[in-house]
There are 2 protein chains.
Amino acid sequence: MLQPEQKQAARAIVERLTEPCAHCDARHLSVCQAVEDPYLEQLAALVTTIELAPHDTMVTEGDPAGHYFNITYGTVKIYKLLPDGRQQIIGFSFAGDFVGLSVRENYAYSVEALTPARACRFDRKRLEGLLTKFPKIEHQLRSQTSDELAIAQDQMLLLGRKTAKERVASFLLQLSHRAKRLGQPANPVVLTMGRADIGDYLGLTIETVSRTFTKLRAEKLIALGANNTVHLELNALSELSGAWN
Amino acid sequence: MLQPEQKQAARAIVERLTEPCAHCDARHLSVCQAVEDPYLEQLAALVTTIELAPHDTMVTEGDPAGHYFNITYGTVKIYKLLPDGRQQIIGFSFAGDFVGLSVRENYAYSVEALTPARACRFDRKRLEGLLTKFPKIEHQLRSQTSDELAIAQDQMLLLGRKTAKERVASFLLQLSHRAKRLGQPANPVVLTMGRADIGDYLGLTIETVSRTFTKLRAEKLIALGANNTVHLELNALSELSGAWN
DNA sequence: TTGCGTCATTGATCCGGATCAAGTGTCAGT
DNA sequence: ACTGACACTTGATCCGGATCAATGACGCAA
């Protein structure tokens with residue numbers, strides 16, 4: 001016989017499966033905020049929830065771009081490869097981030113889970129069918145795309161002109177700002193990705209990333225804690241990152 | 001007394017001033033294609049044509065983002081600066097390109113003319129007021145933004161992971177593809193920007209750009225002609241650029 | 001014509017970060 | 001407790017591109 005709290009949990013799971021959007025933790029963060037409660041079921045109708053283990057691939061560069069994704073849990077990396085295997089990570093996405101925004105026929109990048117992750121998958125064709133009914137969605141998509149563009153442009157400055165130390169400092173501040181924006185503590189940040197991925201994001205090698213962490217620690221600008229936690233000296237790092245303030 | 005062809009020319013100039021959109025050479029290339037002929041005057045009402053000499057600034061990083069621009073003639077560079085003067089060029093824009101696409105309150109970059117240039121200036125607030133009436137414009141803006149994002153992501157791969165030779169080859173192919181897309185010959189391309197700007201775009205110094213041109217010429221992959229014309233060995237350059245083909 | 005300013009090329013040297021090569025935890029499975 | 005497997009750190013050396021420094025090639029104004 002089930003205990004009351006077990007029944008409650010079971011009901012929550014069933015609701016999550018049948019009405020994913022109404023119970024979505026990431027809803028207020030994402031494009032879904034453009035749809036009012038009473039119409040949510042129309043959105044829910046074209047959504048599938050997917051679960052990913054680390055190293056699972058969500059999207060493969062060159063494949064037909066059939067879906068948009070909304071990360072609701074975990075960390076994924078978005079990356080491009082050169083034919084000889086060199087990798088550039090375009091970005092990391094966390095809960096609330098929309099992935100797959102493109103008007104093109106095929107994905108221009110691959111997406112892979114770094115941690116266990118969960119995502120909402122939207123059928124692209126059908127979502128675009130809703131755009132005339134909910135013009136707010138189109139606006140929201142443009143807004144998201146525009147923000148990503150601004151972030152990409154900042155990253156071009158980083159990759160083209162910053163030193164290794166400036167890159168790592170900028171990266172740590174990015175994580176801090178993102179955490180704050182999501183309502184989490186800005187200061188001790190958690191690195192959910194390894195040194196290799198940080199390197200592939202910053203255009204550096206794993207050794208340079210490691211050495212730079214060591215130097216920053218020696219200068220008391222960061223402190224490495226347990227579980228990949230990093231305490232930051234925010235003001236000093238900001239000086240160093242090449243930010244304008 | 002004016003000759004008939006002079007009258008004709010004068011009339012064209014007057015029409016250009018009073019009905020800029022209807023006579024815009026770049027119209028079919030830009031966001032303006034979302035508006036049908038009979039409604040063009042509504043678009044024209046919020047447009048000003050501006051002329052720029054080389055080194056004139058169109059937009060300054062940090063200023064309130066009051067306008068969108070549509071380049072109709074010439075070349076401009078879009079760039080970001082670090083406090084110590086290091087510069088990263090985010091992109092070059094030519095006739096038909098839309099500049100200033102952003103949802104943010106302030107420009108995140110500066111824009112400066114490299115050649116004599118002309119542009120249509122749209123009042124941002126008023127253009128966004130038209131979005132409900134012409135939802136196609138919103139879609140067009142998203143589409144443009146999305147394309148720019150894809151280009152920025154390619155550039156991140158270039159800046160983070162490509163060698164100097166691969167960067168220069170990629171850059172020349174970009175110019176070639178852009179020319180083809182605009183219906184111009186794909187092969188002899190014209191460099192409307194100097195070596196310094198190419199360097200600031202590719203994350204290299206002026207000397208490295210120059211040396212790389214010299215090497216490519218020695219390998220018969222390019223030939224430098226008069227007036228900054230460059231003849232390209234498209235297939236060989238494509239091999240070298242790290243493109244997937 | 002000369003002189004000057006600007007830009008591109010070329011050479012010599014330097015250095016930040018890459019590459020190559022060991023270590024050093026740390027944790028899961030036995 | 002032992003053993004891989006894996007991720008990270010640290011050290012030694014190398015090299016691609018940066019920096020410093022002339023030199024050439026135009027166009028333009030006097």
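These numbers were taken from a predicted model, which means no experiment stands behind them. First the proteins, then the strands, lettered A, B, ... as listed; each starts at 1. What you see below is based on every heavy atom in this structure, not just the backbone, and it leaves out hydrogens, waters and symmetry mates.
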TODO: Would you mind building the protein contact string for nucleotides 7-12 of chain D? One character per nucleotide, 5' to 3', B for base within reach (heavy atoms under 4.0 Å), S for sugar-phosphate only, - for untouched.
DONE: -SBBBB

- [ ] At under 4.0 Å between heavy atoms, which parts of nucleotides 22-28 of chain C does protein reach? Answer with one letter per nucleotide, 5' to 3': B base, S sugar-phosphate only, - none.
- [x] -------

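Across all strands, A/Gly203 comes closer than 4.0 Å only to sugar-phosphate atoms, never to a base (heavy-atom distances).
Pairs passing the ring-ring contact (aromatic ring centres under 6.0 Å, His included) check and including a residue from residues 179-199 of chain B, sequence neighbours excluded, do not occur. Among residues at least two apart or in separate chains, there is no ring-ring contact (aromatic ring centres under 6.0 Å, His included) pair with a member in residues 145-167 of chain A. For residues 221-233 of chain A, the set of pairs meeting the side-chain hydrogen bond (donor to acceptor under 3.5 Å, both in side chains) definition, not counting sequence neighbours, is empty.
Salt bridge A/Arg86/A/Asp200: absent, no basic N to carboxylate O contact under 4.0 Å.
In this structure, the CG atom of A/Leu202 is 19 Å from the P atom of C/dG16, given to the nearest Å. Between A/Asp197 atom CG and D/dC6 atom P there is a gap of 15 Å when expressed in whole angstrom units. Put simply, CZ on B/Arg86 is 13 Å from P on C/dG16, counting in whole angstrom units. Protein atom CD1 of B/Ile198 is 13 Å distant from nucleotide atom P of C/dC7, rounded to whole Å. In this structure, B/Leu216 atom CG and C/dT9 atom P are separated by 12 Å, rounded to whole Å.
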Open item on the list: For A/Tyr79 and A/Phe92: C-alpha separation, side-chain torsions, deciding distance, then whether ring-ring contact (aromatic ring centres under 6.0 Å, His included) applies.
Closed with: CA-CA 9 Å; A/Tyr79 63 97; A/Phe92 297 107; over 10 Å; no

Task: Intermediate values then yes/no, side-chain hydrogen bond (donor to acceptor under 3.5 Å, both in side chains), A/Thr208 and A/Thr205 - done: CA-CA 5 Å; A/Thr208 300; A/Thr205 58; 3.1 Å; yes

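The shortest side-chain heavy-atom distance between A/Ser110 and A/Leu81 does not fall under the 4.5 Å cut-off. Inter-residue side-chain proximity for B/Phe213 and B/Leu172 is flagged as met; some heavy-atom pair is nearer than 4.5 Å. The closest side-chain heavy-atom distance from A/Val76 to A/Leu114 is not below 4.5 Å.
With A/Ser210 contributing its side chain and A/Ile206 its backbone, the two residues share no donor-acceptor pair below 3.5 Å. Between the side chain of B/Ser176 and the main chain of B/Ala186, a donor-acceptor pair closer than 3.5 Å is present.
Contacts with DNA chain C (heavy atom under 4.0 Å) in residues 155-164 of chain A: A/Thr163, A/Ala164, listed by number.
Rounded to 10 degrees, the angle separating the terminal axes of the helix from C/dT1-D/dA30 to C/dT30-D/dA1 is 30°, with each axis obtained from five end pairs.
Scanning for salt bridge (Lys or Arg N to Asp or Glu O under 4.0 Å) contacts around A/Glu51 gives A/Arg118, with sequence neighbours left out.
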Under 3.5 Å, sequence neighbours excluded: what are the donor-acceptor pairs made by side chains of residues 150-160 of chain B?
{"unit_1": "B/Asp154", "atom_1": "OD1", "unit_2": "A/Lys80", "atom_2": "NZ", "d": "2.7"}
{"unit_1": "B/Gln155", "atom_1": "OE1", "unit_2": "B/Gln174", "atom_2": "NE2", "d": "3.3"}
{"unit_1": "B/Gln155", "atom_1": "NE2", "unit_2": "B/Tyr201", "atom_2": "O", "d": "3.4"}

Run the side-chain donor-acceptor check on residues 53-68 of chain B: report pairs under 3.5 Å with partners two or more places apart or on a different chain.
{"unit_1": "B/Asp56", "atom_1": "OD2", "unit_2": "B/Ala53", "atom_2": "N", "d": "2.8"}
{"unit_1": "B/Tyr68", "atom_1": "OH", "unit_2": "B/Glu128", "atom_2": "OE2", "d": "2.9"}

Could you list the donor-acceptor pairs under 3.5 angstrom formed by side chains in residues 188-197 of chain B, with sequence neighbours left out?
{"unit_1": "B/Thr192", "atom_1": "OG1", "unit_2": "B/Thr75", "atom_2": "OG1", "d": "2.8"}
{"unit_1": "B/Asp197", "atom_1": "OD1", "unit_2": "B/Lys77", "atom_2": "NZ", "d": "3.2"}

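More than 12 heavy atoms of other residues, nucleotides or ligands sit less than 6.0 Å from atom CG of B/Asp84.
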Can you tabulate the close N/O pairs, meaning under 3.5 Å, that link protein atoms to atoms of nucleotides 24-26 of chain D?
none

